[in-house]
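So the structure is just underneath, and the comments pick up after that.
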Amino acid sequence: KLLFSAPEPVDVTGVVILWRKKDTDVDFYTKPDSSHGSFYSLNGLEANTTYEIQIQIMSRSHSGPKSTSAFATTHENQDGM
């Protein structure tokens, strides 16, 4: 799970989640979402891998800055899962 909250009330029209493997130079994958909830799931990630994640809030008038990077490591694969 990825949890976040906006620092102040804004007219949020969407959220963009950006992620990539840690310490790589590849472009971020993006997941636009117009439901602008406070929790999101990223699917299809590799097991036992650290990812760099950023959030960008979108409003009617502009795109906000990307957040500071957060890092999270996925769990190891378990047989049968």
Heavy-atom pair with the smallest gap, counting every atom of [X] and [Y]:
X: Ser69; Y: Glu52; value: OG-OE2, 2.5 Å
X: Ile55; Y: Val15; value: CG2-CG1, 3.9 Å
X: Leu45; Y: Trp19; value: CD2-NE1, 3.4 Å
X: Glu46; Y: Thr74; value: O-OG1, 2.5 Å
X: Met58; Y: Ser63; value: CE-OG, 3.0 Å
X: Asp25; Y: Arg20; value: C-NH1, 4.3 Å

| request: Show your working on side chain to side chain donor-acceptor pair (under 3.5 Å) between Gln54 and Ser67 and close with a plain yes or no. | output: CA-CA 5 Å; Gln54 295 178 330; Ser67 69; 5.8 Å; no
Heavy-atom side-chain contact between [X] and [Y] under 4.5 Å:
X: Lys21; Y: Val26; result: no
X: Ile53; Y: Leu18; result: no
X: Leu42; Y: Tyr51; result: no

| message | Heavy-atom count check: over 12 atoms from other residues, nucleotides or ligands less than 6.0 Å from Asp27 CG? | response |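 No, the 6.0 Å shell around CG holds no more than 12 heavy atoms from other groups.
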| request: With rounding to the nearest 0.5 Å, note down the distance linking CD in Glu76 to OG1 in Thr49. | output: 10.0 Å
| message | Going by the rule side chain to side chain donor-acceptor pair (under 3.5 Å), which residues pair with Lys22 if we only count those two or more places apart in sequence or in a different chain? | response | none
| field | Side-chain donor/acceptor of Thr50 to backbone N/O of Ala72, under 3.5 Å | value | no
